[in-house]
Amino acid sequence: MLKAGRFALKEYDGFNRRKVGLKSKREIITKVDLGSEKILLTSLRKNCPETGYISEEAGSKRRDNKAIWIIDPIDGTTNYSIHNPLWAISVGLAVKNEVVLGMVYAPALNEFYVAEKDKGAYCYRVSGSKLVNRKKLIISGVDHDKIIHTFCHGSSMHDLQVAMKYYKYQKTHGLDCRQLGSASLELAYVAGGRVESIMIPGANSYDVSAGALLVREAGGRVTDFFGKKWTLQSKDILASNGKIHGEVVRITRKL
Ligand code: IPD
Ligand code: CA
């Protein structure tokens with residue numbers, strides 16, 4: 001991941017938005033998504049040849065049903081393309097359908113988030129090829145009137161409409177609600193107590209698997225829009241500091 005991060009960061013400064021391609025009407029792709037993915041998959045094939053993967057651009061290769069890497073080589077490509085530093089490389093490892101390792105690396109912020117199941121969640125700085133300055137991630141406990149919600153959405157019109165209804169509800173009820181543009185980092189921000197929640201209708205597993213574990217391991221709650229435990233098969237995801245979860249589910253269940 002550090003190598004992929006170095007590559008993405010090298011391209012970042014001089015990146016020209018005219019180089020962006022279109023995967024579909026609402027989805028963009030750049031040579032940085034493909035280059036980062038190539039570095040990650042080459043390393044995984046060499047070091048973990050027995051383990052399958054699902055990766056946003058390359059698709060999936062399943063070798064058995066026991067363990068699988070879940071990869072987004074650049075999460076927040078639009079942010080990347082406009083020189084907004086909120087973009088990340090997201091890698092999760094699921095064993096028997098359960099995420100046991102989650103890593104979200106934001107090179108332009110120099111933040112490397114890691115969670116292992118039952119072992120907590122941490123944020124490191126990267127110094128050369130080392131992870132230094134370990135800080136434990138703990139979800140926030142701010143008062144009600146200071147709460148900040150975040151949201152993003154999948155690519156279908158339905159996902160977009162659900163997200164818009166949610167945004168309208170929160171804003172018209174006097175609450176702060178923002179789209180930061182990188183699902184994995186928004187989850188890392190919930191884990192680190194920078195914001196209180198993130199909701200995503202139509203979430204892709206590669207955008208959220210690593211971040212979901214960060215939130216759980218930092219003491220937060222991760223469910224679908226009805227408050228049922230989030231799994232890799234869930235269509236939607238709601239992650240929060242736990243304290244406000246019920247309050248948000250009361251909104252998301254009606255969307
Ligand atoms: C996107 C970002 C965005 C979210 C989209 C994702 P990408 O990831 O996470 O915040 O709204 O649903 O697809 O395309 O930049 O990897
Ligand atoms: Ca991506």
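Remember, it's 1-based here, ligands and their atoms both numbered in the order they're listed. Just so it is clear, the values below take in all heavy atoms, side chains as well, and ignore hydrogens, waters and symmetry mates.
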Checklist line | Within-shell test, Thr78 vs ligand 1, heavy atom, strictly < 4.0 Å | finding: no

Note to self: For Lys168, is the NZ atom crowded, meaning more than 12 foreign heavy atoms sit under 6.0 Å from it?
What the structure shows: no

Next item on the list: Identify the protein heavy atom lying closest to atom 14 (O) of ligand 1, giving its residue, its atom name and the separation to 0.1 Å.
Entry: Glu56 OE2, 3.9 Å

Next item on the list: Flag yes if more than 12 heavy atoms outside Arg125 fall under 6.0 Å of its CZ atom; otherwise flag no.
Entry: yes

Margin query: Within ligand 1, which atoms have a heavy atom of Asp72 less than 4.0 Å away?
Written below: 16 (O)

Margin query: A cation-pi test, strictly: NZ or CZ of Arg194 under 6.0 Å from the centre of the six-membered ring of Tyr189 and no more than 45 degrees from its axis. Yes or no?
Written below: yes

Check: Counting each atom of ligand 1 from 1 as listed, which ones have a heavy atom of Thr77 under 4.0 Å away?
Finding: 15 (O)

Item checked: Gly76: numbered ligand 1 atoms lying under 4.0 Å from its heavy atoms -> 7 (P), 8 (O), 15 (O), 16 (O)

Notebook entry, point to check: Which is it for Ser182 and ligand 1 at heavy atoms under 4.0 Å: side chain, backbone, both or neither?
Noted result: backbone

Margin query: Pairing donors with acceptors under 3.5 angstrom, does anything connect the side chains of Arg45 and Tyr53?
Written below: yes

Checklist line | Top protein contact for atom 3 (C) of ligand 1, by heavy-atom distance | finding: Gly181 O, 3.8 Å

Margin query: Is the distance from the ring center of Tyr124 to that of Phe112 below 6.0 Å?
Written below: no

Margin query: Can you tell me which N/O/S atom of Asp72 has the shortest distance to the Ca ion (ligand 2)?
Written below: OD1

Checklist line | Heavy atom of the protein closest to atom 11 (O) of ligand 1 (residue, atom name, distance) | finding: Cys152 CB, 3.0 Å

Next item on the list: To 10°, measure the O(Ile74)-the Ca ion (ligand 2)-OE1(Glu56) angle for me.
Entry: 160°

Next item on the list: Among all protein heavy atoms, pick out the one at the shortest distance from atom 6 (C) of ligand 1; state its residue, atom name and that distance to 0.1 Å.
Entry: Asp207 OD2, 3.5 Å

Item checked: Tyr12 and Tyr80 aromatic centres sub-6.0 Å -> yes

Item checked: side-chain contact (heavy atoms from CB on, under 4.5 Å) involving Lys23 - partner list, sequence neighbours excluded -> Glu27, Ile29, Glu56, Glu57

Item checked: Asp75 neighbourhood, listing ligand 1 atoms whose heavy-atom distance to it stays under 4.0 Å -> 1 (C), 2 (C), 7 (P), 8 (O), 9 (O), 15 (O), 16 (O)

Note to self: Pair Tyr122, Tyr113 - check ring pair (Phe, Tyr, Trp, His ring centres under 6.0 Å), show working.
What the structure shows: CA-CA 6 Å; Tyr122 298 89; Tyr113 295 88; over 10 Å; no

Check: Considering residues, nucleotides and ligands other than Lys38, do more than 12 of their heavy atoms fall under 6.0 Å from its NZ?
Finding: no

Check: What part of His153, side chain, backbone, both or neither, has a heavy atom within less than 4.0 angstrom of ligand 1?
Finding: backbone

